[in-house]
Amino acid sequence: MTAASSYERIYAVVRRIPKGRVATYGQIAELAGLPRQARQVGYALAALEDTRVPWHRVLNARGEISARSDPGPERLQRALLEREGVRFDGQDRVALARHLWQPRVRRR
DNA sequence: GGTCTGACTAGGT
DNA sequence: AACCTAGCCAGAC
């Protein structure tokens, strides 16, 4: 599996996240057929340039916007989510029980 | 080909 | 619930 094809699989899943919902890195990895590669999801999104991929809907397992080694995008990410109606609590966390995307199982 | 790095996580305290 | 730690694993040197 090349890095490029892994990234494409990841983007394909992220594109399915509906507006107003969120998913976790681990969840995306699993759905992309890349179990235990949650970190790769973050790297793939960091390398992203295609604005059609809703990268901002991906949060960590605690419902937080993950801190970047190079800070900056976090504020935009939050603004984009709030614009879609996603609410944050007083600890900058999203209630996953309420906003987590729960895709219907796919068949071939 | 060993080492280091990191938009991650699950589990223990 | 916050904080640590160990485990994880592909990419870049």
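Below, chains carry the letters A, B, ... as their sequence lines are ordered, and counting in each starts from 1. Source: prediction; values computed, not measured. Computed from heavy atoms alone, side chains included, the values below leave out hydrogens, waters and symmetry copies.
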Is it the case that more than 12 heavy atoms not belonging to A:Arg87 sit under 6.0 Å from its CZ atom? no

Are side-chain heavy atoms of A:His56 and A:Arg83 found at a separation under 4.5 Å? no

Could you state the atom-to-atom distance from OH of A:Tyr11 to C1' of B:dA7 in whole Å? 12 Å

Residue A:Ala61, side-chain atoms from C-beta onward, closest of C:dG11, B:dT9, C:dA2: B:dT9

Nucleotide C:dA12, atom P - distance to CZ of A:Arg39 in whole Å: 16 Å

Looking at A:Arg62, I'd like to know whether one of its side-chain N or O atoms comes within less than 4.0 Å of OP1 or OP2 on B:dG11. no

Nearest whole angstrom, please: distance from the P of B:dA7 to the CG of A:Leu48. 16 Å

Of the nucleotides B:dA7, C:dA10, C:dA2, which one has an atom closest to the side chain of A:Gln40? C:dA10

Under 6.0 Å from the CZ atom of A:Arg62, do we count more than 12 heavy atoms belonging to anything else shown? no

Measuring from atom CZ of A:Arg21 to atom CG of A:Leu96, what distance do you get when rounded to the nearest 0.5 angstrom? 10.5 Å

OP1 or OP2 of C:dC8 versus the side-chain N and O atoms of A:Arg36: is any pair under 4.0 Å? no

Quick check: any donor-acceptor pair below 3.5 Å linking the side-chain of A:Tyr25 to the base of B:dA7? yes

Check whether any side-chain nitrogen or oxygen of A:Gln37 sits under 4.0 Å from OP1 or OP2 of C:dA10, and answer yes or no. yes

Below the 4.0 Å mark, does B:dC8 have OP1 or OP2 next to a side-chain nitrogen or oxygen of A:Gln27? no

A:Leu100 CG to B:dT9 P: how many Å, rounded? 11 Å

Whole angstrom is fine here: how far is it from CG in A:Asp70 over to P in B:dA7? 10 Å

Using a heavy-atom cut-off of under 4.0 Å over every strand shown, decide if A:Ala67 touches base, sugar-phosphate, or nothing. sugar-phosphate

Under 4.0 Å between a side-chain N/O of A:Ser69 and OP1 or OP2 of B:dT5, yes or no? no

Hey, does the side-chain of A:Tyr43 have a donor or acceptor N/O within less than 3.5 Å of a partner on the base of B:dG6? yes

Grab the CG-P distance between A:Leu96 and C:dA1 for me, whole Å please. 13 Å

Roughly how many Å is it from CD in A:Gln91 to P in C:dC3, rounded to a whole number? 10 Å

Check the pair A:Met1, A:Gln37 against side-chain contact (heavy atoms from CB on, under 4.5 Å), reporting the backbone distance first and the verdict last. CA-CA 13 Å; A:Met1 173 84 58; A:Gln37 292 182 216; over 6 Å; no

With a 4.0 Å cut-off on heavy atoms, is A:Ala46 in touch with a base, just the backbone sugar-phosphate, or nothing at all? base

Please classify the nucleic acid contact of A:Glu64 as base, sugar-phosphate, or nothing, using heavy-atom distances under 4.0 Å. nothing

Separation of B:dA7 atom C1' from A:Tyr7 atom OH, nearest Å, is 11 Å

